[in-house]
Participant: 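Below is the structure I would like to discuss, written out as structure tokens.
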Amino acid sequence: MQLFIDTANLDEIRTAASWGVIAGVTTNPTLIAKEGRDFQAVIHEICQLIDGPISAEVIAQDAPGMIDEGRRYAAWDPHVVVKVPMTEEGIKATKALSSEGIRTNVTLCFSANQALLAALAGATYISPFVGRVDDTGGDGMALISEIREIYDNYVMTTQILTASVRSPNHVTMAAKMGSDVATCPFKILQQMFRHPLTDRGLEQFLADWASVPVLSGRA
Ligand code: E4P
């Protein structure tokens, strides 16, 4: 499973890129608004930091408007993936953009049928929002499992991009269920590194190393 970072913050992306394990970036209008900067400039800078798919979301609500925006975004940089909402107009736009070879990410997916429609329209990615499903009392990870089963039944190539990730456990479950990608906030990626036994073990190793005689070649 690949890991993407879910942010438009350049400092977070720069730090995550330095780890060497982040394969792409997802943004949405809320994340872009938080940065208080020009959309195209932010996307352009993200494309310089990560050599992978960078999702940029359309704002238009009608298919012709989405197609127009999608074509413009795709022309900004070859890394750009056009993010389209899971609506009737969004699916029409996904079909049109994917027919032109423009990669798409269908967002705001909350059901297996929505994921089926996105795949039939040729979406490159489907983004089920697991955290928001959990927030409303549902089981977000069960949705990932359902979509995996459906896509595998028919050898559908749309990639499952687990989104709205709220905990490292969501990432573990996504990987176990065969999600193709999980996109995570910076804080969750940082939490994935940590384990108290790692900290305790390292502390002990360093304390023990301090007692090694210098003549043995201790650094
Ligand atoms: C996905 O592409 C979205 O940007 C994101 O994962 C939404 O997460 P949220 O529910 O925490 O806002």
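In this chain, residues are counted from 1 in sequence order. Because only heavy atoms are used, hydrogens play no part in the values below, and waters and symmetry mates are left out as well, while side chains stay in. Atoms within each ligand, like the ligands themselves, are counted from 1 in listed order.
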Participant: Would you say ligand 1 has an N or O under 3.5 Å from any N or O of Arg166?
Facilitator: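 Yes: some nitrogen or oxygen of Arg166 is under 3.5 Å from one in ligand 1.
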Participant: So do Val171 and Met1 actually touch side chain to side chain, heavy atoms under 4.5 Å?
Facilitator: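 In short, these two side chains touch, coming nearer than 4.5 Å.
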Participant: Output the list of atoms in ligand 1 that are nearer than 4.0 Å to some heavy atom of Ala163, sorted by atom number.
Facilitator: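 Those qualifying, in numeric order: 1 (C), 6 (O).
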Participant: Which of the numbered atoms in ligand 1 are under 4.0 angstrom from any heavy atom belonging to Phe129?
Facilitator: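 In order of numbering, the contacting atoms are 1 (C), 3 (C), 7 (C).
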Participant: Any atoms of ligand 1 less than 4.0 Å from a non-hydrogen atom of Lys83? List them with their elements.
Facilitator: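 That gives atoms 1 (C), 2 (O), 3 (C), 4 (O) of ligand 1.
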Participant: Do any nitrogen or oxygen atoms of Thr107 lie less than 3.5 angstrom from nitrogen or oxygen atoms of ligand 1?
Facilitator: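 Between Thr107 and ligand 1, no N or O pair is found under 3.5 Å apart.
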Participant: Evaluate the side-chain proximity of Ile188 to Pro185: yes if any heavy-atom separation is below 4.5 Å, no if none is.
Facilitator: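 Touching, per the 4.5 Å side-chain cut-off.
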Participant: Test salt bridge (Lys or Arg N to Asp or Glu O under 4.0 Å) on Asp6 and Lys187 and set out the steps.
Facilitator: CA-CA 10 Å; Asp6 193 28; Lys187 187 182 73 176; over 6 Å; no
Participant: With nothing but distance in play, are any N or O atoms of Ser164 less than 3.5 Å from an N or O of ligand 1?
Facilitator: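 Among all N and O atoms of Ser164, at least one is under 3.5 Å from an N or O of ligand 1.
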Participant: State, without any angle test, whether Asp77 and His44 hold a side-chain donor-acceptor pair at a distance under 3.5 Å.
Facilitator: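 On atom types as modelled, these side chains do not qualify, holding no pair under 3.5 Å.
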Participant: Any idea which protein heavy atom is nearest atom 4 (O) of ligand 1, and the distance to it?
Facilitator: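 Result: Asn28 ND2, 2.7 Å.
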Participant: Does the pair Asp135 and Arg132 meet the rule for a salt bridge (Lys or Arg N to Asp or Glu O under 4.0 Å), with working shown?
Facilitator: CA-CA 5 Å; Asp135 290 345; Arg132 293 195 197 185; over 6 Å; no
Participant: Under 3.5 Å between any N/O of Ser127 and any N/O of ligand 1: does that happen in this structure?
Facilitator: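 Between Ser127 and ligand 1, no N or O pair is found under 3.5 Å apart.
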Participant: Can you confirm whether the side chains of Gln204 and Asp208 place a donor and an acceptor under 3.5 Å from each other?
Facilitator: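 Yes - a donor-acceptor pair under 3.5 Å links their side chains.
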Participant: Give the atom numbers and elements of ligand 1 that come within less than 4.0 Å of a heavy atom of Arg132.
Facilitator: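 Counting from 1, the qualifying ligand atoms are 7 (C), 9 (P), 10 (O), 12 (O).
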Participant: Count the heavy atoms belonging to other residues, nucleotides or ligands that lie under 6.0 Å from CD of Glu203, then report whether that count exceeds 12.
Facilitator: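 Not more than 12 within 6.0 Å, no.
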Participant: To check your reading of the model: name the closest protein heavy atom to atom 5 (C) of ligand 1, its residue, and the distance in Å.
Facilitator: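 The closest one turns out to be Asp6 OD2, 2.9 Å.
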